[in-house]
Amino acid sequence: MINVKENAELNVLNHSCAHLMAQAIKRIHPHALFWVGPVITEGFYYDIDLGDTVLSESDFPKIEAEMKKISKDGKRIIREEISKEEALERFKNDPYKLDLINNMEGVTITTFKQGEFEDLCRGPHVESVKELKFYKLLKVSGAYWKGDANNKMLQRVYGICFDTQEALDQHLYLLEEAKKRDHKKLGKELGLFMMSEFGPGFPFWLDKGMILRNILENFWYEEHTKEGYQFIKTPIMLSQELWEVSGHWFNYKENMYISDVDDRQFAIKPMNCPGGMLVYKNDLHSYKDLPLRVGELGLVHRHEASGALNGLFRVRTFTQDDAHLYMTPDQVEGEIVRLIAFFDRVYKLFNLNYTIELSTRPEEKYIGSIEVWDESERILESACKKSGHTVKVNPGDGAFYGPKLDFHLQDSLGRAWQCGTIQLDMNLPERFDLTYVDSDGSKKRPIMLHRVIFGSVERFIGILIEHYAGAFPLWLSPDQVRILPVNAEFHHDYALQLKEKLVEAGLRVEVDERNEKLGYRLREAQMKKIPVQLVIGDGEVENGSVNVRRYGSQATESLSIQDLIDSLVKEVKEKR
RNA sequence: GCCAUCAUAGUUCAAUGGUAAAAUAGAGCAAUGGUAAUGCUCAGCUCCGAGUUCGAUUCUCGGUGAUGGCACCA
């Protein structure tokens, strides 16, 4: 995907296009009032107050036609600097512009005018509306005024503009490709998971999806074992008192599912940490035990807003690949360097590129001293640098309990996903009074980190589905090999023997012996994106070979059974 | 939660104020096949509730769910 925002020329083009769209809408709906129309990563939008008029995508052709007319007319776009008084006078009938003007202090106020349409704007713009030729309106939605849910909702129209027809076509093509990869669609087609209206936001995992999940989770356990983690499983339901200690009862209650058990209230856990704290406190810890790395694939439930639900990307129950790390202050930096290397290894395996962002102390709502925050942020940043990463800083974006590093993954279509995170927690160790015994026999407070690599297993699988477009590498693929006997009857025995040998070697294999022509069965195997298809007929039976065709390739290759097994087993082992 | 759009066989979809066309998947029969669809037959559907109407799958309202955004967020 093209990042319009980072390309100065496209940026200007898109912003001018937003004005062009506003002008067209104003012509069609003279009562329209406009809030702001910025450029975003992919195009632009404009927030519009149309009173009772409702825009829908079916209005786009009309608006686009009007835009074309204005563009053809070719008015110049004229910049004008005006005084605040002049601005207030000129836009006196527009409450939205007045709001903007009244909030402008010590800046030059400029307007841009094209024909009859004038808009308050910082610019810059293209010279003339003539330059705006290759654009498309994409979607319409509601958006809160000033992004505040307490405010009224405006209508937001999205569009995008390019400097050539080819670039526009390319973009629209990528949007279509993304649709084809939609994990909700592929998940259904490949039998990975399902949704039911009886459980909105609660995915059902199907046979093939469970295979994928189990592979990922086993992989996770193996890698964490290598990294010196121990594993626990904490209950999904715990009493109110615990959530009061952790603070969730006061800060997160509206997102928790709560139930009466005997005479007490219990909550289903929205996070794993409080349970993890209890495990830590179950033992006395020596400084010699640190750093202590405790992992949990923890099933959590959160009552997410109904409108937020989205396939596997946003669900109400999910499994976090969580871990809590406890350490002494002087172990923090080394531990984070180690974590970053670990994250790197995992993401690389999936061919996912990533960037790291550091979120720092919030302006107002935070606990602990500024000195400790500054020191923690310094350590996080320095660990990134030592790992050879540049860090983007998001000032004030940290949690109230500590700063964090977020890992933003880029999938094969260039889209970004926030998955991994490393968070320093200055809150829970205090609340739960965590201690370890130091070398001098005194009790000390450990530093605690939360961290996830996948983020949630569900979301990560959703990303993988779209990233691979459903065609998983061999080691991840729920179905690895499909055996296709040319004639179900004649080649039956050979097919079963072959399957047995492959299964013996640890591969996931099915024989398709249905009474259908080879082409028919092969087509289905291709559509199910099964990595390896083995055709066996008279020739293969005769010389004990297999005919191999890989997903996505037309080429076929003849191999001995042993060579096939060796190469597939090697491929799985190397996680290719 | 908010705004908008949508809801028809397992799936993908057509049509209609007089209970619905098709493809694909499924079952049966015939065909014994060499790298993306063999033919025939059968069976299967209007999300839930109310209203308008002689009659509603179609119109209206409410509910539920989904999709695209907003707000929230792993």
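Numbers restart at 1 for each chain; the letters A, B, ... are given by sequence-line order, proteins then strands.
A:R156 contributes no side-chain N or O that, together with a main-chain N or O of A:Y46, makes up a donor-acceptor pair within less than 3.5 Å. Side-chain atoms of A:T317 do not come within 3.5 Å of backbone N or O of A:H301 as any donor-acceptor pair.
Under the 30°/60° scheme for interplanar angles, the aromatic rings of A:Y347 and A:F407 are found to be tilted. In this pair, A:W145 and A:W35 present their aromatic rings perpendicular. The plane angle is above 60°, beyond the 30 to 60° band. Aromatic ring orientation, A:H324 versus A:H450: perpendicular (interplanar angle above 60°, classes split at 30° and 60°). Between A:Y354 and A:H389, the angle of the ring planes lies from 30° to 60°, which puts this pair in the tilted group.
The existence of a salt bridge linking A:E513 and A:K499 is excluded, since no basic side-chain nitrogen approaches an acidic carboxylate oxygen closer than 4.0 Å. A salt bridge links A:D99 to A:K146: at least one charged side-chain nitrogen sits closer than 4.0 Å to a carboxylate oxygen. Using a cut-off of 4.0 Å between Lys/Arg side-chain N and Asp/Glu carboxylate O, A:R213 and A:E217 are scored as salt-bridged. Remark: A:E189 engages A:K185 in a salt bridge, criterion side-chain N to carboxylate O under 4.0 Å. Salt-bridge formation is not detected for the pair A:R550/A:E557: no Lys NZ or Arg NE/NH1/NH2 atom is positioned less than 4.0 Å from an Asp or Glu carboxylate oxygen.
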Task: Derivation and outcome, side-chain contact (heavy atoms from CB on, under 4.5 Å), residues A:F44 and A:C17 - done: CA-CA 8 Å; A:F44 62 86; A:C17 198; 3.7 Å; yes

- [ ] Apply the test side-chain hydrogen bond (donor to acceptor under 3.5 Å, both in side chains) to residues A:T234 and A:K269: give CA-CA distance (whole Å), side-chain angles for both, the deciding distance (0.1 Å), then the verdict.
- [x] CA-CA 10 Å; A:T234 63; A:K269 64 176 175 181; 2.9 Å; yes

Open item on the list: Checking A:Y401 against A:Q423 for the side-chain hydrogen bond (donor to acceptor under 3.5 Å, both in side chains) test, could you report, in this order, the C-alpha distance in whole Å, the side-chain angles of both residues, the deciding distance, and whether it holds?
Closed with: CA-CA 9 Å; A:Y401 52 77; A:Q423 306 191 352; 2.4 Å; yes

Extract from the structure each pairing of a protein N or O with an N or O of nucleotides 9-15 of chain B at less than 3.5 Å, listing the distance.
{"residue": "B:U12", "atom": "OP1", "partner": "A:K188", "partner atom": "NZ", "Å": "3.3"}

Could you write out each protein N or O paired with an N or O of nucleotides 3-8 of chain B at a distance under 3.5 Å?
{"residue": "B:C3", "atom": "O2", "partner": "A:G142", "partner atom": "N", "Å": "3.3"}

Can you give me the N/O atom pairs linking the protein to nucleotides 23-30 of chain B at distances under 3.5 Å, or say none if there are none?
{"residue": "B:A25", "atom": "OP1", "partner": "A:Y520", "partner atom": "OH", "Å": "2.4"}

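Within 4.0 Å (heavy atoms only), A:G519 reaches sugar-phosphate atoms of the nucleic acid but no base atom. Residue contacts for A:Y158: at a heavy-atom cut-off of 4.0 Å it reaches the sugar-phosphate backbone alone, with no base atom in range. Residue A:M527 is in base contact, counting any heavy-atom pair closer than 4.0 Å across all strands shown. Nucleic acid contact class of A:R314 (heavy atoms, under 4.0 Å, all strands): base. Within the 4.0 angstrom heavy-atom criterion, base atoms lie near A:V315. Residue-level contact check: A:N150 touches neither bases nor backbone, having no heavy atom under 4.0 Å from any strand. Among the protein residues, A:D148 comes within range of no part of the nucleic acid, since none of its heavy atoms lies under 4.0 Å from any strand. Here A:G147 lies in heavy-atom contact (under 4.0 Å) with sugar-phosphate atoms only. At the heavy-atom level, A:G298 lies nowhere under 4.0 Å from the strands shown.
Counting only heavy atoms from C-beta on, A:K184 has its side chain closest to B:U67 among B:C70, B:U67, B:A74. The side chain of A:S306 approaches B:G1 more closely than any other nucleotide in the set B:G1, B:A36, B:G68. Out of B:A74, B:A36, B:G1, the shortest distance to the side chain of A:F318 is found at B:A74. Distance from the side chain of A:N310 is smallest for B:G68 among the nucleotides B:U35, B:A71, B:G68. Checking B:G69, B:C72, B:A36 against every side-chain atom of A:A308, the shortest atom distance belongs to B:C72.
No N or O donor and acceptor, one from the side chain of A:Y144 and one from the base of B:G69, sit under 3.5 Å apart. Between the side chain of A:E540 and the base of B:G34, at least one donor-acceptor pair of N or O atoms lies under 3.5 Å.
Residues satisfying the side chain to side chain contact (heavy atoms under 4.5 Å, CB included) test with A:F490, not counting sequence neighbours, are A:N487.
Neither side chain, A:D425 nor A:N427, offers a donor N or O lying under 3.5 Å from an acceptor on the other.
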Task: Base-contact (B) and sugar-phosphate-only (S) positions in nucleotides 59-64 of chain B, heavy-atom cut-off under 4.0 Å, - elsewhere - done: -----S

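The number of heavy atoms from other shown groups lying within 6.0 Å of NZ (A:K136) does not exceed 12.
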Task: Dot-bracket notation for RNA chain B, counting Watson-Crick and G-U pairs under 3.5 Å, with | for partners on another strand - done: (((((((..(((.....[...))).(((((.......)))))....(((((..]....))))))))))))....

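Between A:R549 and B:G34, a side-chain N or O to OP1/OP2 separation shorter than 4.0 Å is absent.
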